[in-house]
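Predicted, not measured: the structure shown is a model, and the values here were computed from it. Here, residue 1 is the first one in the sequence, and each next residue gets the next number.
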Amino acid sequence: MDRRALPLTRSWCLFEVFQTCRMTALRTDFTGLLLCTPTGVLQRGGTGVDAAVTVAQRLSTLDLELADATSLEDKRMIDD
């Protein structure tokens, strides 16, 4: 995760988050989603409050329809 939480604006990244959440719900042995930053893992307290606030702000305004993809074909496939 970068300092502006831009992966949360990308179609592929959001698709992977969705798949990870599904796996977490289906399997008790699955570690789940870890949000890693240059300074550490968010869920393990390895980052500053600023990273948590940035992720929270990005998630609070998340609009899947506005997510970007490098390839229009990929975006269509993910959106469908």
Return the [atom1] to [atom2] distance between [X] and [Y], rounded to the nearest 0.5 Å.
X	Y	atom1	atom2	result
Leu33	Glu16	CG	CD	10.5 Å
Thr70	Arg10	OG1	CZ	4.5 Å
Leu62	Leu14	CG	CG	5.5 Å
Asp50	Thr39	CG	OG1	7.5 Å
Phe18	Leu64	CZ	CG	10.0 Å

Shortest non-hydrogen contact between Gln43 and Leu35, atoms and distance: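 Heavy atoms of Gln43 and Leu35 come nearest at OE1-N, 2.9 Å.
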
Does the Ser11 side chain pair with the main chain of Asp68, one donor and one acceptor, at a distance under 3.5 Å?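 Here the side-chain-to-backbone pair exists.
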
Checking Lys75 side chain against Trp12 main chain: does a donor-acceptor pair fall under 3.5 Å?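 No, Lys75 side chain to Trp12 backbone: no donor-acceptor pair under 3.5 Å.
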
Between Val17 and Met23, is there a shared hydrophobic cluster once you connect ILVMFWY residues whose side-chain heavy atoms come closer than 4.5 Å?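 Unlinked, Val17 and Met23 end up in two clusters.
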
Hphob cluster co-occupancy, Met1 + Leu59, side-chain heavy atoms under 4.5 angstrom: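 They do share one cluster, since a chain of ILVMFWY contacts under 4.5 Å joins Met1 to Leu59.
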
Checking side-chain contact (heavy atoms from CB on, under 4.5 Å) for the pair Arg44/Leu34: CA distance, chi angles, key distance, verdict? CA-CA 9 Å; Arg44 296 184 180 156; Leu34 296 176; 3.7 Å; yes

Please tell me if the side chains of [X] and [Y] come closer than 4.5 Å, counting only heavy atoms from C-beta onward.
X	Y	answer
Asp79	Glu65	no
Thr47	Val41	no
Thr54	Arg3	no

May I ask you to decide whether Asp2 forms a salt bridge with Arg4, counting only side-chain N to carboxylate O separations under 4.0 Å?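 No, Asp2 and Arg4 are not salt-bridged.
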
